[in-house]
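Worksheet: one structure, shown below.
Below, each value reflects all heavy atoms present in this structure, side chains not excepted, and no hydrogens, waters or symmetry copies. Ligands are counted one by one from 1 in listed order, and the atoms in each one are counted from 1 as well.
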Amino acid sequence: MEGRTVRIAVVEGDGIGHEVIPVARDALALLHPEIEFFPVEVGYGRWERTGDAVTDDTIRELASADAILFGAVTTPPSPDYKSVIVRIRKELDLYANLRPVWGKNFNILIVRENTEGLYSGVEKIEKDSACTIRCITRKGSERIARCACAFARSRRSLTIGHKANVLKSDVFFRDICISEARKEEVSWKDSYIDALCLDILQHPERYDVIVTTNLFGDILSDVAAYLAGGLGMLPSGNIGDTQALFEPVHGSAPDIAGKNLANPIAALRSAAMLLEHRAGDTEGARKIEEAIQRLLSRDVRTRDLGGRYGTREFGTEMLRELESINRE
Ligand code: NAI
Ligand code: MG
């Protein structure tokens, strides 16, 4: 990304996306005044206004960026409305969803397969039944296993989360992960996903890199969010071979949207992940995290963390802190 203008697509999306993403974008702009940001509108709000939540043109615009900073989109529970983020992940082939969760004595990286499994989109509703196909392919499993093993090699170990005692598709997934781990000489173990959801809460220090299928990874990372202070705290990266999209783990939170209550930390950490993974700027990522830590230690917190700061007020403090760290 060096030597030419870096272009970042900024998608606020819906709900609290409009509140948390401006804070994250301002932090990036402060650290990298040279970045060119361009807004892209997708989501339920756009669908209500224009009848399209996302178009082929929007996907092309997103594909043309060096990276995407994404808020959250509302998906109404209607069978006619397809999830925008699921479509973007598929069309840009963002096959690895990286969800780090860390705390005092643990540092976990959940690597979730992001394009298939129960989110295959192959489904139908009939009068007396409904069916969703859980599609697990060799290609999809091998590339997510390779990605997880690459992280596990430079870290400690790999845990494969699955439900192979019941699902044939997970016997397939597990065996591919095991053979990849053997090939890469990564120390591995495997766990049933339901037991893993409990054990990660009781013994988070036992885990390092965890690889799992799409829906299981979605659930496991929300469970693990408990360890880190809630959904307002956790970032994620959706990574493909050519494009990458960074977004908070949380959704559009309609219950608090527009009330200046949302915690922007997950969005800020997503911006930090963007710097680290897309620009190789680990120092910039560290500065953002350092600023967050200083604010938390001064009790500058939003309401979900027991504080009294609004999103905007937290954002102002964040920029002030980041500016001072940047000068140190
Ligand atoms: P959600 O993550 O939006 O909210 C769950 C709960 O956590 C709510 O009580 C909310 O107020 C709280 N919360 C979430 N983020 C917060 C933050 N930054 N600060 C303070 N509190 C926060 O999940 P929910 O309610 O299941 O979904 C709401 C909408 O978001 C749905 O339409 C859903 O489809 C969509 N969604 C979108 C995602 C995406 O764009 N990647 C991911 C998850 C959900
Ligand atoms: Mg989720």
### Message
Heavy-atom distances under 4.0 Å decide this one: backbone, side chain, both or neither, for I256 against ligand 1?
### Response
side chain
Mind listing the side-chain donor-acceptor pairs of residues 175-188 below 3.5 Å, one per line with the distance, residues two or more places apart or on another chain?
{"from": "S179", "atom 1": "OG", "to": "I176", "atom 2": "O", "distance (Å)": "3.4"}

### Query
Of V11, D304, I16, which has the heavy atom at the shortest distance from atom 16 (C) of ligand 1?
I16
### Task
Classify the contact between P254 and ligand 1 as side chain, backbone, both or neither, using a heavy-atom distance cut-off of under 4.0 Å.
side chain
#### Entry: For ligand 1, the portion of E247 having any non-hydrogen atom under 4.0 Å away
side chain
### Task
Please determine if R294 and E328 form a salt bridge, counting it only when a charged side-chain N lies under 4.0 Å from a carboxylate O.
yes
### Query
Counting heavy atoms only, which part of D255 comes closer than 4.0 Å to ligand 1: side chain, backbone, both or neither?
side chain
### Query
E34: what forms a salt bridge (Lys or Arg N to Asp or Glu O under 4.0 Å) with it, not counting sequence neighbours?
none
### Test item: side-chain donor near acceptor, Q243 and D93, under 3.5 Å
no
### Under-4.0 Å heavy-atom contact with ligand 1, by part of N263 that carries it
both
### Query
Measuring from S141:OG to D170:CG, what's the distance to the nearest 0.5 Å?
9.0 Å
### Query
Got an N/O contact under 3.5 Å between P76 and ligand 1?
no
